[in-house]
Peer 1: 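Structure incoming, see below.
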Amino acid sequence: MKDHLIIFDTTLRDGEQSPGASMTNEEKMRIAKQLERLKVDVIEAGFPASSNGDFAAVKAIAAAIKDSTVCGLARANEQDVRRAGEALKPAKSGRVHTFIASSPIHMKMKLRMTPEQVLDQAVKAVRWAREYTDNVEFSPEDAGRSEVDFLCRLLEATIAAGANTINIPDTVGYTLPWQFGDLIKNLRERIPNADKAVWSVHCHNDLGMAVANSLASVMNGARQVECTINGLGERAGNASLEEVVMAVKTRKDVFPCTTRIDTTQIVAASKLVSGITGFPVQPNKAIVGANAFSHESGIHQDGVLKHRETYEIMRAEDVGWNANKLVLGKLSGRNAFKNRLGELGIDLGSEDAVNHAFARFKELADKKGEVFDEDLHALVSDEQITPEREHYKLIALKIVSETGEVPSAMVTLGTGDSEHSVQTRGDGPIDAMFRAIELMVHSKARMLLYSVNAITTGTDAQGEVTVRLEREGRIVNGLGSDTDILVASAKAYINALNKLHSKQQRLNPQLAA
Ligand code: KIV
Ligand code: ZN
């Protein structure tokens, strides 16, 4: 019998810490439901002390998810831990994850605490967490650069205080696979009560080693890997869930453990996270990149046709490619539409909202005939823009673009009860349109990214546009989709402006000491 490898997904917490990857609470819920379908063991749903919004998101996910443990992050202070404990109360299975930095540089420069103070605070935090649940995880942040003797003392004390998962983060992605594997082995051998906890790892990808470091740790006794869909996460990201899971599955001849992940849900999860965050997946990304299973060269194609295993070590269908994605068409009725939303874990909240979304679905089906799951996700993202999140609203758009002429755009924007129109010219139609909008809004935001992707294949596909804006250090992503990419672009830009306009601020748990 092989051991069970616990898959702990932190897309909704560490993933959301990537600049610009912030998600609304409805979007988080949709991702959480897809993670449950994927059968991840633990979903880290957020950092409840960050804001009332984050607290509400973790609480709602805790109430809705039944087949995965729901976890909330807390810095090692009483207020954070109690906030996490409260948010997790509705969970069928809840876990509090508390952390404090343990490397000399973090303790001295960030926390301004001595090692003894850190140890004392960590033990207290674990005890507070145990008042809420017997499922408590402790992480010594920046363990990869911490002194091993101090880690041994700290971890022995936190296990004795009641932590039953000990997570070793390589916070800055500094270690190399053989070093990190040795660290896990060493800690497990040297700490007298090591067998009272599950050993976990949390690796960042700054040197491109996150997956390799995680797998090296598994070979040295780690039985939980923390990871994210598409490798999303702070800076260069976290270990990618799909790569860890498929490595363990494909090389079962090597690994002493298995996961319970339903791998056929991987591609759907990847597309959902990419669509919601606006972080595209590179075509050559392992497992979930568009080219991961395509064979362009004649020699490869010939080999694959003769015998698939000549060039393929995994089957595309095992990770959810080629799944039958055609879901609805022009003739589909309201019931079929509502059922499919249910299967995708989308709850619009009221019959009125379903009716409204169904009317928009019909318009879309008339335009493009076939409506895919990805189209439904995009449609629902638009549906969930509530009036308080829609300070600016696109009313009308007219673009003139002709060879030999300077393009111009006329945009009408609604703000509250009033409407304004501006016409202006630009280098191209998009430039003209964005200038016209900025002339009305005066956001003074800097555009960091403008990207267009086809949601599905074919020239009738909806275009999905991402606009990333920055103002005074705050970064937001706006998304827009439409069969007309100019309209999609306007929606994305306005969506980003609305996010900048909203006051909701999030706190980064690791930067805020
Ligand atoms: O990278 C890190 O150290 C973290 C901790 C909060 C676990 O994300
Ligand atoms: Zn992290």
Side-chain angles (χ1 to χ4, degrees), residues 3-11 13-15 17 40-44 69 71 73 95 97-103 106 136-146 148 151-152 154-155 158-159 163-191 194-229 231-248 251 254-259 261 510:
D3 284 355
H4 175 59
L5 179 64
I6 298 169
I7 298 295
F8 175 116
D9 180 279
T10 181
T11 307
R13 197 278 298 168
D14 215 322
Q17 283 174 223
V40 307
D41 300 280
V42 186
I43 298 172
E44 189 163 53
T69 294
C71 175
L73 183 72
R95 173 186 295 184
H97 174 192
T98 185
F99 77 99
I100 190 165
S102 57
S103 63
H106 275 224
V136 174
E137 172 169 332
F138 173 73
S139 295
E141 191 193 6
D142 202 17
R145 293 189 299 170
S146 299
V148 178
L151 276 181
C152 286
L154 175 65
L155 299 178
T158 46
I159 296 171
N164 30 35
T165 299
I166 292 293
N167 177 48
I168 306 300
D170 180 18
T171 304
V172 290
Y174 177 71
T175 63
L176 301 172
W178 52 94
Q179 292 178 327
F180 203 59
D182 276 353
L183 174 64
I184 302 302
K185 183 166 180 276
N186 234 325
L187 293 172
R188 290 182 59 237
E189 282 172 2
R190 285 185 50 186
I191 297 176
D195 60 329
K196 302 277 183 298
V198 172
W199 288 78
S200 166
V201 288
H202 174 111
C203 299
H204 279 269
N205 207 26
D206 299 65
L207 291 173
M209 305 281 174
V211 170
N213 283 343
S214 305
L215 296 176
S217 317
V218 171
M219 294 307 287
N220 284 284
R223 288 295 175 266
Q224 173 175 289
V225 172
E226 301 199 354
C227 43
T228 57
I229 303 293
L232 197 70
E234 285 264 28
R235 306 179 310 279
N238 289 66
S240 120
L241 179 145
E242 56 277 8
E243 293 176 25
V244 170
V245 167
M246 289 314 288
V248 170
R251 297 307 311 272
V254 172
F255 289 100
C257 45
T258 52
T259 74
I261 295 294
Q510 289 164 269

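Residue numbers count from 1 along this sequence. Just the heavy atoms: all of them, side chains too, but no hydrogens, waters or symmetry mates, feed the values below.
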Peer 1: Quick one about N167 and S200 (side-chain donor to acceptor, distance below 3.5 Å, no hydrogens or angles considered), yes or no?
Peer 2: yes
Peer 1: Does a side-chain heavy-atom distance below 4.5 Å link I261 with V40?
Peer 2: yes
Peer 1: Who are the side-chain hydrogen bond (donor to acceptor under 3.5 Å, both in side chains) partners of D170, not counting sequence neighbours?
Peer 2: T175
Peer 1: Nearest 0.5 Å, please: how far is CG in N238 from SG in C203?
Peer 2: 9.0 Å
Peer 1: Roughly how far apart are E141 CD and Q510 CD, rounded to 0.5 Å?
Peer 2: 4.5 Å
Peer 1: Do V225 and L5 have side chains that approach each other closer than 4.5 Å (heavy atoms only, starting at C-beta)?
Peer 2: yes
Peer 1: Using the test side-chain hydrogen bond (donor to acceptor under 3.5 Å, both in side chains), find all partners of N220 that sit at least two apart in sequence or belong to another chain.
Peer 2: none
Peer 1: Nearest 0.5 Å, please: how far is CD in E226 from CD1 in I6?
Peer 2: 10.5 Å
Peer 1: Using the salt bridge (Lys or Arg N to Asp or Glu O under 4.0 Å) rule, collect all pairs that involve residues 210-223, keeping only residues at least two apart or in two chains.
Peer 2: D3-R223
Peer 1: If you take all heavy atoms of T10 and H202, which pair is closest and at what distance?
Peer 2: CG2-CE1, 4.2 Å
Peer 1: Sequence neighbours left out, cut at 3.5 Å: what donor-acceptor pairs do the side chains of residues 177-185 make with other protein atoms?
Peer 2:
from : atom 1 : to   : atom 2 : distance (Å)
Q179 : OE1    : L176 : N      : 3.2

Peer 1: Do T165 and F8 come within less than 4.5 Å of each other through their side chains, counting heavy atoms only?
Peer 2: no
Peer 1: If you count the non-hydrogen atoms of other residues, nucleotides and ligands that lie under 6.0 Å from CZ in R251, is the total more than 12?
Peer 2: no
Peer 1: Ignoring hydrogens and angles, tell me if any N or O in the side chain of N164 forms a donor-acceptor pair with the backbone of V136 under 3.5 Å.
Peer 2: yes
Peer 1: Does anything in residues 208-220 form a salt bridge (Lys or Arg N to Asp or Glu O under 4.0 Å)? List the pairs, not counting sequence neighbours.
Peer 2: none
Peer 1: Among I166, I191, I159, exactly one meets side-chain contact (heavy atoms from CB on, under 4.5 Å) together with K196. Which residue is that?
Peer 2: I159
Peer 1: Looking only at heavy atoms, what is the nearest atom pair of A210 and S214, with distance?
Peer 2: O-OG, 2.7 Å
Peer 1: Applying salt bridge (charged side-chain N to carboxylate O under 4.0 Å, His left out), name anything that partners E234, two or more places apart in sequence or on another chain.
Peer 2: none
Peer 1: So, taking the atom named OG in S240 and the one named CG in N205, what distance separates them when rounded to the nearest 0.5 Å?
Peer 2: 8.5 Å
Peer 1: Heavy atoms only: give me the nearest V42-C71 pair and the separation to one decimal.
Peer 2: CG1-CB, 3.8 Å
Peer 1: Let me confirm one number: the CG-NE2 distance from D142 to H204, rounded to the nearest 0.5 Å.
Peer 2: 10.5 Å
Peer 1: If every non-hydrogen atom of R188 is compared with every non-hydrogen atom of A194, which pair is closest and at what distance?
Peer 2: O-CB, 3.4 Å
Peer 1: Please name the pair of heavy atoms, one in F255 and one in V248, separated by the smallest distance, quoted to 0.1 Å.
Peer 2: CD1-CA, 3.7 Å
Peer 1: Is there a donor-acceptor contact under 3.5 Å from the side chain of S103 to the main chain of S146?
Peer 2: no
Peer 1: Are any side-chain N or O atoms of D14 and backbone N or O atoms of G233, one a donor and one an acceptor, separated by less than 3.5 Å?
Peer 2: no
Peer 1: Looking only at heavy atoms, what is the nearest atom pair of A143 and I168, with distance?
Peer 2: CB-CG2, 3.6 Å
Peer 1: For the atom pair CG (L215) and CE (M209), what is the distance rounded to the nearest 0.5 Å?
Peer 2: 13.0 Å
